[in-house]
J.: 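This structure is in structure tokens; I'll ask about it shortly.
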Amino acid sequence: MSIEISNRLTNIPFSSIREIFDEANAMQKSGINITHMEIGRPDFDTPIHIKEAANTALQEGFVHYTANNGIQELREAIAVKLKRENKIHVDPNKEVVVSVGCKEAIVSMIFAFINPGDEVLIPDPAWLEYQYIVELAGGVVVSIPLREEEDFILNPDDVRGRITSKTKMLLLNSPHNPTGAVLPEAYLKELADIAINHNLLVLSDEIYEKLIYEDAEHISIATLPGMFERTITINGFSKAYAMDGWRLGYAAGPEKLMKPIMKVHQYNTSSATSFAQYGAVAAYMGTQEPVYEMVQEFDKRRQLLVKRLKEIEHVSCVVPQGAFYVFPSFKGIGMTSKELATFLLREAQIACVPGSAFGNYGEGYLRMAYSTEYKQIDEAMDRLAEALKQVKVKG
């Protein structure tokens with residue numbers, strides 16, 4: 001029996017990140033010790049007070065469907081958090097939808113507003129799911145290059161130059177995956193003016209907002225004049241609270257935008273896991289000390305990894321200001337980023353992601369997550385430096 005897949009899936013690949021992850025795990029199972037720097041998740045455990053809150057809810061029988069937009073307690077906690085930390089004011093009853101991870105919130109927004117042929121402006125490199133979610137919805141991705149010489153900060157002039165009559169949405173991610181760049185306020189103001197002048201929707205993915213270093217500052221674009229009514233803020237619990245396996249995120253914004261998002265969410269997943277949502281309440285309303293401690297540890301690893309990479313000949317590295325990634329350039333090495341990632345996995349036992357997995361402008365780079373122990377990072381850089389001695393350098 002011959003069955004054809006849908007046309008919308010024809011050009012959608014499987015994740016390159018998962019390809020590396022699967023091969024690394026297979027090597028690990030065969031007895032090879034791998035330094036995992038490929039998956040974007042904290043290596044810390046979920047704080048105990050969050051687990052206890054979820055466990056209490058489970059034991060007390062909160063095991064059934066919730067309201068489609070999430071339990072009241074969590075929506076109220078999200079509204080409190082957004083007001084306290086982001087200066088975003090939302091009605092928890094009409095302007096918040098709890099989702100199954102941030103990805104589901106992103107899917108819901110894009111499918112709610114993007115028609116076939118609509119153009120979506122997306123920085124490149126970027127988390128590539130953005131692109132393929134847009135394409136699944138029938139939209140057209142317009143890539144905005146991020147340049148190493150500009151510290152991978154999204155340049156508003158590049159955005160202006162790519163707007164057409166079909167442009168409908170601008171997608172922002174700050175702190176940024178995979179580069180760790182944080183958008184400064186001046187740039188955000190310019191981007192806000194562009195969105196207002198061209199009547200664009202804005203999807204602001206702020207999942208890494210708490211992972212900030214040095215004097216960098218996270219600012220939500222929805223707080224700028226004229227932006228709340230056209231912006232959906234996406235956030236969640238996986239990064240700052242080490243809750244990636246809990247699959248909890250949310251979308252927040254004006255009621256007129258949230259209603260269609262709610263409709264997609266309702267038909268897609270109904271509701272997020274009931275008892276897990278009580279853990280998320282504890283995450284936002286309880287102590288933030290575990291977050292501060294984790295960020296301090298990430299900062300130590302960040303400084304170490306950048307220092308070690310800069311010591312390696314033919315490698316350059318922008319210092320990331322947020323998230324837990326570095327995005328070093330290996331353009332001086334005579335390999336594609338995919339070839340180099342495979343080589344380092346097999347020859348140096350380091351799992352990292354080729355920059356090409358994040359878009360065309362990511363070629364020549366590798367994403368390395370410092371969500372692994374300090375000592376392991378240090379030892380991995382010894383192996384990386386040694387392995388590169390085997391590689392023929394360009395020119």
J.: Which pair of non-hydrogen atoms, one from A276 and one from L248, has the smallest distance, and what is that distance?
T.: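 Smallest heavy-atom distance, with atoms named: O-CD1, 3.3 Å.
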J.: If you look at every heavy atom in G279 and I50, which pair is closest and at what distance?
T.: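 Of all heavy-atom pairs spanning G279 and I50, the closest is O-CG2, 3.3 Å.
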J.: Do side-chain atoms of D91 reach the backbone of N93 as a donor and acceptor pair under 3.5 angstrom?
T.: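 Yes, because the side chain of D91 sits within donor-acceptor range (under 3.5 Å) of the backbone of N93.
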J.: Determine all donor-acceptor pairs shorter than 3.5 Å in which one atom belongs to a side chain in residues 368-375; sequence neighbours excluded.
T.:
{"from": "Y370", "atom 1": "OH", "to": "A323", "atom 2": "O", "distance (Å)": "3.2"}
{"from": "S371", "atom 1": "OG", "to": "R41", "atom 2": "O", "distance (Å)": "3.0"}
{"from": "T372", "atom 1": "OG1", "to": "Q376", "atom 2": "OE1", "distance (Å)": "3.3"}

J.: Which residues pass the salt bridge (Lys or Arg N to Asp or Glu O under 4.0 Å) test with D378, not counting sequence neighbours?
T.: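 In terms of salt bridge (Lys or Arg N to Asp or Glu O under 4.0 Å), with neighbours along the sequence ignored, D378 is linked to R308.
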J.: What are the two closest non-hydrogen atoms of T164 and T167, and how far apart are they?
T.: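 Result for this residue pair: N-OG1, 2.8 Å.
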J.: Is there a donor-acceptor pair under 3.5 Å between the side chain of S238 and the backbone N or O of M243?
T.: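 No; zero donor-acceptor contacts below 3.5 Å.
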J.: State which residues pass salt bridge (Lys or Arg N to Asp or Glu O under 4.0 Å) with D157; sequence neighbours excluded, sorted by chain then number.
T.: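 Per chain and number, D157 pairs via salt bridge (Lys or Arg N to Asp or Glu O under 4.0 Å) with R160.
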J.: Ignoring hydrogens and geometry, is there a side-chain-to-backbone donor-acceptor pair from S329 to K331 under 3.5 Å?
T.: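 Confirmed, S329 side chain pairs with K331 backbone.
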J.: If hydrophobic clusters are built from ILVMFWY residues whose side chains come within less than 4.5 Å, do V97 and L82 share one?
T.: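 No, V97 does not connect to L82 through the hydrophobic network.
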J.: For E311, does the CD atom sit with more than 12 other heavy atoms under 6.0 Å from it, leaving out its own atoms?
T.: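 Enclosed.
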J.: State yes or no: are the ring centers of Y325 and F358 separated by less than 6.0 Å?
T.: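 For Y325 and F358, the ring centres are not under 6.0 Å apart.
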J.: What's the spacing between I88 CD1 and I78 CD1 if we round to 0.5 Å?
T.: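 Result: 12.0 Å between the selected atoms.
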J.: Would a hydrophobic clustering, with Ile, Leu, Val, Met, Phe, Trp and Tyr connected at side-chain separations under 4.5 Å, put F343 with I34?
T.: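 No, it is not one cluster - the side chains of F343 and I34 are not joined through contacts under 4.5 Å.
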J.: Tell me whether S220 contacts the main-chain N or O of A222 through its side chain, where contact means a donor paired with an acceptor under 3.5 Å.
T.: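 Judged by distance alone, no pair lies under 3.5 Å.
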J.: Hey, does the side chain of D124 reach the backbone of P145 with a donor-acceptor pair shorter than 3.5 angstrom?
T.: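 Pair absent, no side-chain N/O of D124 close to backbone of P145.
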J.: Given L172, which partner from the list T231, L121, D205, V202 fulfils the side-chain contact (heavy atoms from CB on, under 4.5 Å) test?
T.: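 Exactly one candidate clears the test, V202.
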J.: Is there any ring pair (Phe, Tyr, Trp, His ring centres under 6.0 Å) pair reaching into residues 71-94, and which pairs are they, with sequence neighbours excluded?
T.: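 Non-adjacent pairs meeting ring pair (Phe, Tyr, Trp, His ring centres under 6.0 Å): zero.
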J.: Is there a path from M109 to L128 through hydrophobic residues (I, L, V, M, F, W, Y) whose side chains come within less than 4.5 Å of each other?
T.: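 Yes, it is one cluster - the side chains of M109 and L128 are joined through contacts under 4.5 Å.
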J.: Would you find more than 12 non-hydrogen atoms of other residues, nucleotides or ligands less than 6.0 Å from N360 atom CG?
T.: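 No, not enclosed.
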J.: Would you say that more than 12 heavy atoms from the other residues, nucleotides or ligands in this model lie under 6.0 Å from the CG of N11, or not?
T.: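 No, CG of N11 has 12 or fewer neighbouring heavy atoms, counting only those of other groups under 6.0 Å.
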J.: Membership question, hydrophobic clusters at under 4.5 Å side-chain separation (ILVMFWY): are L200 and I122 in the same one?
T.: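 No, I122 does not connect to L200 through the hydrophobic network.
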J.: For L136 and R8, work out which heavy atoms get closest and say how close.
T.: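 That would be CD2-O, 3.6 Å.
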J.: Any idea how W127 and Y130 line up, ring-wise: parallel (<30°), tilted (30 to 60°), or perpendicular (>60°)?
T.: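 Judged by the thresholds at 30° and 60°, the geometry between W127 and Y130 is perpendicular.
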J.: Taking the side chain as every heavy atom from C-beta outward, state whether L201 and L170 have any atom pair closer than 4.5 Å.
T.: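 L201 vs L170: side chains apart.
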J.: Angle class for the F62/Y278 ring planes (parallel below 30°, perpendicular above 60°, tilted otherwise)?
T.: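 Tilted.
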J.: For residues 51-80, pull every pair meeting salt bridge (charged side-chain N to carboxylate O under 4.0 Å, His left out), keeping only residues two or more places apart or in separate chains.
T.: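 Matches after skipping sequence neighbours: D45-K51.
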J.: Suppose the criterion is salt bridge (charged side-chain N to carboxylate O under 4.0 Å, His left out): which pairs have a residue in residues 259-275, not counting sequence neighbours?
T.: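 Qualifying pairs: E255-K259.
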J.: With a 6.0 Å cut-off (strictly less than), is the heavy-atom count around CD of E289, excluding the residue itself, greater than 12?
T.: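 More than 12 within 6.0 Å, yes.
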J.: Once salt bridge (charged side-chain N to carboxylate O under 4.0 Å, His left out) is applied, what residue pairs with a partner in residues 333-356 remain, sequence neighbours excluded?
T.: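 Every pair satisfying salt bridge (charged side-chain N to carboxylate O under 4.0 Å, His left out) with a residue in residues 333-356: E19-K338, E23-R346.
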J.: Any donor and acceptor pair, going by atom type alone, linking the side chain of E293 with main-chain N or O of Q288 inside 3.5 Å?
T.: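 Not a single qualifying donor-acceptor pair exists.
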J.: Salt bridge (charged side-chain N to carboxylate O under 4.0 Å, His left out) for R301 and D43? Distances and angles first, verdict last.
T.: CA-CA 12 Å; R301 300 174 185 181; D43 58 319; 2.9 Å; yes
J.: According to ring pair (Phe, Tyr, Trp, His ring centres under 6.0 Å), does anything in residues 8-60 pair up with another residue at least two apart or in another chain? List the pairs.
T.: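 Counting only pairs at least two positions apart or across chains, the ring pair (Phe, Tyr, Trp, His ring centres under 6.0 Å) contacts touching residues 8-60 are F44-F298.
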J.: Report yes or no: does Q277 contribute a side-chain atom to a donor-acceptor pair with the main-chain N or O of A272 at less than 3.5 Å?
T.: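 Yes, because the side chain of Q277 sits within donor-acceptor range (under 3.5 Å) of the backbone of A272.
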J.: Going hydrophobic residue to hydrophobic residue with side-chain gaps under 4.5 angstrom, can you get from V96 over to V264?
T.: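 Cluster IDs for V96 and V264 differ.
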J.: Going by side-chain contact (heavy atoms from CB on, under 4.5 Å), name the residues that satisfy it together with D299, two or more places apart in sequence or in a different chain.
T.: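 So D299 forms a side-chain contact (heavy atoms from CB on, under 4.5 Å) with Y213, R302, Q303.
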J.: Please, which pairs that meet ring pair (Phe, Tyr, Trp, His ring centres under 6.0 Å) have at least one residue in residues 131-179, sequence neighbours excluded?
T.: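 Pairs touching residues 131-179 that pass the test: F152-F327, F152-Y365.
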J.: Any luck finding a side-chain donor-acceptor pair between N155 and R147 under 3.5 Å?
T.: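 Side chains of N155 and R147: no pair found under 3.5 Å.
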J.: Scan for salt bridge (charged side-chain N to carboxylate O under 4.0 Å, His left out) pairs involving residues 166-175, sequence neighbours excluded, and state none if there are none.
T.: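 Every pair satisfying salt bridge (charged side-chain N to carboxylate O under 4.0 Å, His left out) with a residue in residues 166-175: D118-K168.
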J.: Got a sec, which residues hit side-chain contact (heavy atoms from CB on, under 4.5 Å) with E85, two or more places apart in sequence or on another chain?
T.: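 With sequence neighbours excluded, E85 shows a side-chain contact (heavy atoms from CB on, under 4.5 Å) to K81, E209, K210, given in chain and number order.
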J.: Any side-chain donor-acceptor pair under 3.5 Å between E379 and T35?
T.: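 The criterion, which ignores hydrogens and geometry beyond distance, is not satisfied for T35 and E379.
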